[in-house]
Amino acid sequence: MSWKERNYSKVSDSLLKLGIRVSILAVTPARMFPPLPGSRDVNEDPMYIEFSSCVGTKGMQYETNSLDFKVGADGTVFATRELKIPSEQVAFTVTARERQSAEQWAAMVRLLVAQTSSAHSEHKKGQTVALDPSQPPNDTLLPWPQHQSSGGLRRQKRDWVIPPINVPENSRGPFPQQLVRIRSDKDNDIPIRYSITGVGADQPPMEVFNIDSMSGRMYVTRPMDREERASYHLRAHAVDMNGNKVENPIDLYIYVIDMNDNRPEFINQVYNGSVDEGSKPGTYVMTVTANDADDSTTANGMVRYRIVTQTPQSPSQNMFTINSETGDIVTVAAGLDREKVQQYTVIVQATDMEGNLNYGLSNTATAIITVTDVNDNPPEFTTSTFAGEVPENRIETVVANLTVMDRDQPHSPNWNAVYRIISGDPSGHFSVRTDPVTNEGMVTVVKAVDYELNRAFMLTVMVSNQAPLASGIQMSFQSTAGVTISVTDVNEAPYFPSNHKLIRLEEGVPTGTALTTFSAVDPDRFMQQAVRYSKLSDPANWLHINTSNGQITTAAILDRESLYTKNNVYEATFLAADNGIPPASGTGTLQIYLIDINDNAPQLLPKEAQICERPGLNAINITAADADMDPNIGPYVFELPFIPTTVRKNWTITRLNGDYAQLSLRILYLEAGVYDVPIIVTDSGNPPLSNTSVIKVKVCPCDENGDCTTVGAVAAAGLGTGAIVAILICIVILLIMVLLFVVWMKRREKERHTKQLLIDPEDDVRDNILKYDEEGGGEEDQDYDLSQLQQPEAMEHVLSKTPGVRRVDERPVGAEPQYPVRPVVPHPGDIGDFINEGLRAADNDPTAPPYDSLLVFDYEGSGSTAGSVSSLNSSSSGDQDYDYLNDWGPRFKKLADMYGGGEED
């Protein structure tokens, strides 16, 4: 690979504006050096640099050693800031680096300042495009590229390369503002119409750019915003008046030149960071970041940071510094102490234009730096000695509170205290626990102390923190203190040294036998106290204890086979109490192991059995049970008594082993029935005990298998025909009695519900008020429309109604409900039934009105010969005697006062 420098470019001495493309010749064919606005023609060929590679130019990265010029990814060289060419020649090195192999090649580029010369009104084909001074400003002519056919192997003339069009953002106009003019040299022969297409022309955003179709002048119609869109790619078209293509479309690249119109914006308005106290200078604290929407490759988007203020300014006004490019805040001075300053507030300013405060835009944010605590302060006791007091035999009691002071952050591992007893408590009676709220040490009794053994303790306690001390910090001599604990004497309960006490003796000892002395000890050696004894638990009441010396004697005979004995052991509890203030008592348990003696005779098992009436078919296995223990139990001896003689005549016993024998018939046949067979059982105790037990044997007929038949079992039970008949009669009588009882109960229930309605008036002493239907006042007192009560002449509208739907103020037309007929001579029970049946009929009557409706009365017709009731006048002659109203009871007292006492009034 090699760089080949062909010639030099010439540039006018005008200012190079920021972002204006200067020159790039990366590959062949050579490209025309773009003229600058207001520059003069450059008649020579531009600088031509050819970069050749056997693998092509893809993946190349270009760099320069100049701060004023940079090379883009496409090889375009542009100025990084506004500058004036300082001399007639500017030189810098362009480096091409291959990204994969990291190989690089360099070439020198020189920019020569061209001398001012007269401009040409026309451009020669294949030469640099220059602006015509006679044209208006910004009327940059872009001639259409001309293509020549190649002939043979001669070198082809290079085409025009349309340079990018640079438009500054936020222009104030006036709009439309001309950018360039596009012209085809064929417009000298035929009329040509120009047009543009692409984003910003005929694609959204629409009509940002337009072109004069006749002159080819292209305009921008509104201000540009680089942050909204940084570049546009358009295509220019040239056609004749018939729409036929005259030239091939050309590409137009429009770049929006960035202006410093955006302030840096911090990602957060408040940043929170922390740093340990005592940190060395240069310790990282936090990073603040501000973003600028302007072009980051220009000074417009290059942000620099600085610290404006620091609060508080202690111990120095410059405790922190910030990296102007990265925004990293670090410590710059020593002396951070959380106990003095816990938090710093730092105002950070971000300025673009590389931090130029005169031209750049700025913004601020707040950084809150918290000084975190480290364990640089050891805990210290507030005093060197502490004292406490504890009663003996108390546990989980706080006897002293140890107070400490620690200047580290409260309720943190650097502040939480840990206490440890380093001397004075070899038996571990005390423990020091930490109060989580106050951080005090609570000296607690964890093991009971005895006044008679230790009257005082001298403890040495050391305090530390949960977290280790910071590097270089030593423990303070005030981290150790002495604790004096006094023990007070209290009245302690007597105790039995041997608890539970076990003694062994034979059962059945006589009453009053002395068993043992169960005495207690009073631990209060410095108190002269007497101990008294009593029974606390004696389930069988077998024992007695001497109240003064604790001697235990028997109050009854001890029986090993008693229910109160478990596993041959009888247990009793006794109480020992002193006469201290207040009295104290202790308990002791005495266990008596009872040794067995042969005091229980054996009992025969089973008590009942059955056997066939003929021998040889089956036999009865018998054994014995003894409440005693070995050797006072088996082997047993089973034998039949001599009296009565029938026993040995009918039965015989055969020994099987030491515990079992067989009872069987001696004779060939024995009548079915139940027989009591006495058997003498003797155990093996010393001396042996015997017992005569009776076994009930049921003798019954058996089948061929030796099993009793059903008839035989009944016969063996001893029930004859008469007994069975008697049992059946008893069952029938019992059923008849139950039936009679049920009938009597039903009759009683019916009589209870029957009401006696006909009562002789002379026997009825109750005060009764007879209520009659009230039909209202006279005709003068009422203004009713009596036509509503008259029976209508026409009944069609009533008969045509749906069944079940009628007015409650109409007389029913259909069949009336049939109420029961009252008997002539009523019976009290019949009257109750009559009322109940009438109630059921009324409830089921669909024509009956509800209680709160208008009552319907039968119409009796018109033209009554009876006179008006209203013509009757009440008599006031006084002939009527109303004194009898006084005899009617208190309910008529008001009437009696009104009518009976008229003369007195």
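- In this structure a side-chain-to-backbone donor-acceptor pair under 3.5 Å is missing from D187 to I192.
- Residues D261 and N170 have side chains that bring a donor and an acceptor to within less than 3.5 angstrom of each other.
- Remark: the S184 side chain and the E247 side chain contain an N/O donor-acceptor pair separated by less than 3.5 Å.
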>> Run V330 and T321 through side-chain contact (heavy atoms from CB on, under 4.5 Å) and show every step you take.
In response: CA-CA 6 Å; V330 297; T321 185; 3.5 Å; yes
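- In this structure, CZ in R235 is found 9.5 Å from CG in L252, a value given to the nearest 0.5 Å.
- For E207 (side chain) and D202 (main-chain N/O), no donor-acceptor pair under 3.5 Å exists by modelled atom type.
- Taking 4.5 Å as the limit, some side-chain heavy atom of V288 sits within range of a side-chain heavy atom of I322.
- Formation of a donor-acceptor pair under 3.5 Å by the Y271 side chain with backbone atoms of I267 is found in this model.
- How far CE of M259 is from CG of D295: 12.0 Å, rounded to the nearest 0.5 Å.
- At distances below 3.5 Å, not a single donor-acceptor pair connects side-chain atoms of R193 with backbone N or O atoms of M214.
- No donor-acceptor contact under 3.5 angstrom links the side chains of S316 and N318, judged on distance only.
- At least one side-chain heavy atom of F209 sits less than 4.5 Å from a side-chain heavy atom of L234.
- Looking at heavy atoms from C-beta onward, D292 lies out of side-chain contact with R263 at the 4.5 angstrom threshold.
- When side chains are defined from C-beta on, D294 counts as touching E227, because their heavy atoms get closer than 4.5 Å.
- Closest approach of P281 and A334 over heavy atoms only: CG-N, 4.0 Å.
- With 3.5 Å as the limit, one finds a donor-acceptor pair spanning the side chains of D276 and T372.
- Between the S412 side chain and the Q409 main chain, a donor and an acceptor come within less than 3.5 Å of each other.
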> Is there a side-chain contact (heavy atoms from CB on, under 4.5 Å) between E277 and V371 once you walk through the steps?
Replying inline: CA-CA 6 Å; E277 61 175 333; V371 181; 3.6 Å; yes
>> Could you go through T351 and V303, starting from their C-alpha distance and side-chain angles, then the distance that decides it, and tell me whether this counts as side-chain contact (heavy atoms from CB on, under 4.5 Å)?
In response: CA-CA 5 Å; T351 307; V303 180; over 6 Å; no
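- T221 contributes a side-chain N or O that, together with a main-chain N or O of V208, makes up a donor-acceptor pair within less than 3.5 Å.
- Legend: residues meeting ring pair (Phe, Tyr, Trp, His ring centres under 6.0 Å) with Y344, ordered by chain and number and at least two apart, are F320.
- In this structure, the separation between CZ on R226 and OH on Y255 is 13.0 Å, given to the nearest 0.5 Å.
- Minimum interatomic distance between S195 and I211 (heavy atoms only, all atoms of both residues): CA-CG2, 3.7 Å.
- Using a 4.5 Å cut-off on side-chain heavy atoms (C-beta onward), F175 and P223 make contact.
- Residue pairs meeting the salt bridge (Lys or Arg N to Asp or Glu O under 4.0 Å) criterion with at least one partner in residues 330-355, sequence neighbours excluded, are R304-E354, R338-D373.
- Rounded to the nearest 0.5 angstrom, N248 CG and H237 NE2 are separated by 11.0 Å.
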> Is there a side-chain contact (heavy atoms from CB on, under 4.5 Å) between I369 and I329 once you walk through the steps?
Replying inline: CA-CA 10 Å; I369 302 174; I329 299 177; 4.2 Å; yes
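- When side chains are defined from C-beta on, S231 does not count as touching V256, because their heavy atoms never get closer than 4.5 Å.
- Under 4.0 Å is where a charged nitrogen must lie from a carboxylate oxygen, and between R229 and D225 no such pair does.
- Using bins of under 30°, 30° to 60° and over 60° for the plane-to-plane angle, the ring pair F266/Y305 lands in the tilted bin.
- Residue V239 comes nearest to V246 through the heavy atom pair C-CG2, 3.7 Å, listed as atom of the first residue, atom of the second, then distance.
- Panel note: side chain N166, backbone I257; no donor-acceptor pair is recorded below 3.5 Å.
- In the model, N377 has no side-chain atom that pairs as donor or acceptor with a side-chain atom of D406 under 3.5 Å.
- If you check the side chains of N465 and N414, you find no donor sitting under 3.5 Å from an acceptor.
- Distance alone, capped at 3.5 Å, is enough to place a donor-acceptor pair between the D240 side chain and the G243 backbone.
- Atom OG1 of T197 is separated from atom NE2 of H233 by 8.5 Å, given to the nearest 0.5 angstrom.
- Put simply, the side chain of M319 reaches to within 4.5 Å of the side chain of L336, judged on heavy atoms.
- Rounding to the nearest 0.5 angstrom, the gap separating the OG atom in S274 from the CE atom in M286 is 8.5 Å.
- What you find for Y232 and M224 is that their closest heavy atoms are CE1-SD, 3.9 Å.
- T364 is not listed as a side-chain neighbour of V348, based on a closest heavy-atom distance of 4.5 Å or more.
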